[in-house]
Structures are given as structure tokens and as C-alpha cells.
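Written below as C-alpha cells is the structure these notes are about.
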Amino acid sequence: MNYIAGDYWKPYESIIPKEKHMQSKKETFTVEGYNSLFRHFLARMGRKSKCYSKKMEMLAISILLLMHYRNGTLYLISNTK
């Protein structure tokens, strides 16, 4: 079954059909954790910020760079001799 997971915010009831809306913190905590991580590390993802992405491509690249950094798969060229 396809459904939309959300929390208990009242306006969802007027937007999402009741039969498709699953209200549960269990289904949303992982997404909220990632949202928090993005806002912490990327100014362009912050709320009410002057830093924002003007191009969708730059937003996508910023997120990919952060994910590679957090996963330990980001390798930079260094000038070590």
C-alpha cells in the first residue's frame, strides 16, 4: 500500500486524504534526522537564512559532497611530498 507518512500536524488532514495518511513518529524520525544534519552542515539548507541555493544543481552537489564527507568517501587532492 502506498501512503504518506507525517506527524500529527493538523493542516495535513485538509491536504492528504485520510486513507493515504499514516500519522506516526516511527515513520518520520529518520527523515527528520537527515533534515537536521543538512541544516547543521549546509548553510543553504538552514531556515530563514541569507544563504540559499539559486540553482538546484548547486544544492544537489552540496548534498552529495556532504554525504561523501560523512561516509568517509570524499578524497581530495593534497600537496603532500
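What you are looking at is a predicted structure, and each value in this text was computed from that prediction instead of being measured. The analysis underlying the following values was restricted to heavy atoms, covering all of them including side chains, and did not include hydrogens, waters or symmetry mates.
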[atom1]/[X] to [atom2]/[Y] distance, rounded to the nearest 0.5 angstrom?
X     : Y     : atom1 : atom2 : answer
Met67 : Leu74 : CE    : CG    : 11.5 Å
Lys55 : Ile61 : NZ    : CD1   : 10.0 Å
Ile63 : Phe38 : CD1   : CZ    : 5.0 Å
Ile16 : Lys20 : CD1   : NZ    : 11.0 Å
Ile15 : Lys10 : CD1   : NZ    : 13.5 Å

When clusters are formed by joining ILVMFWY residues with side-chain heavy atoms under 4.5 Å apart, either directly or through shared neighbours, do Leu64 and Tyr34 land in the same one?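 Not linked; separate clusters.
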
Taking His21 as the fixed residue, which of Tyr3, Trp9, Tyr12, Tyr8 is the one that meets the ring-ring contact (aromatic ring centres under 6.0 Å, His included) rule?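 Checked Tyr3, Trp9, Tyr12, Tyr8 against His21; only one passes ring-ring contact (aromatic ring centres under 6.0 Å, His included): Tyr12.
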
Leu65 and His68: CA distance, side-chain angles, deciding distance, side chain to side chain contact (heavy atoms under 4.5 Å, CB included) verdict: CA-CA 5 Å; Leu65 283 171; His68 278 292; 5.7 Å; no

Does the pair Gln23 and Ile4 meet the rule for a side chain to side chain contact (heavy atoms under 4.5 Å, CB included), with working shown? CA-CA 8 Å; Gln23 292 180 313; Ile4 299 169; over 6 Å; no

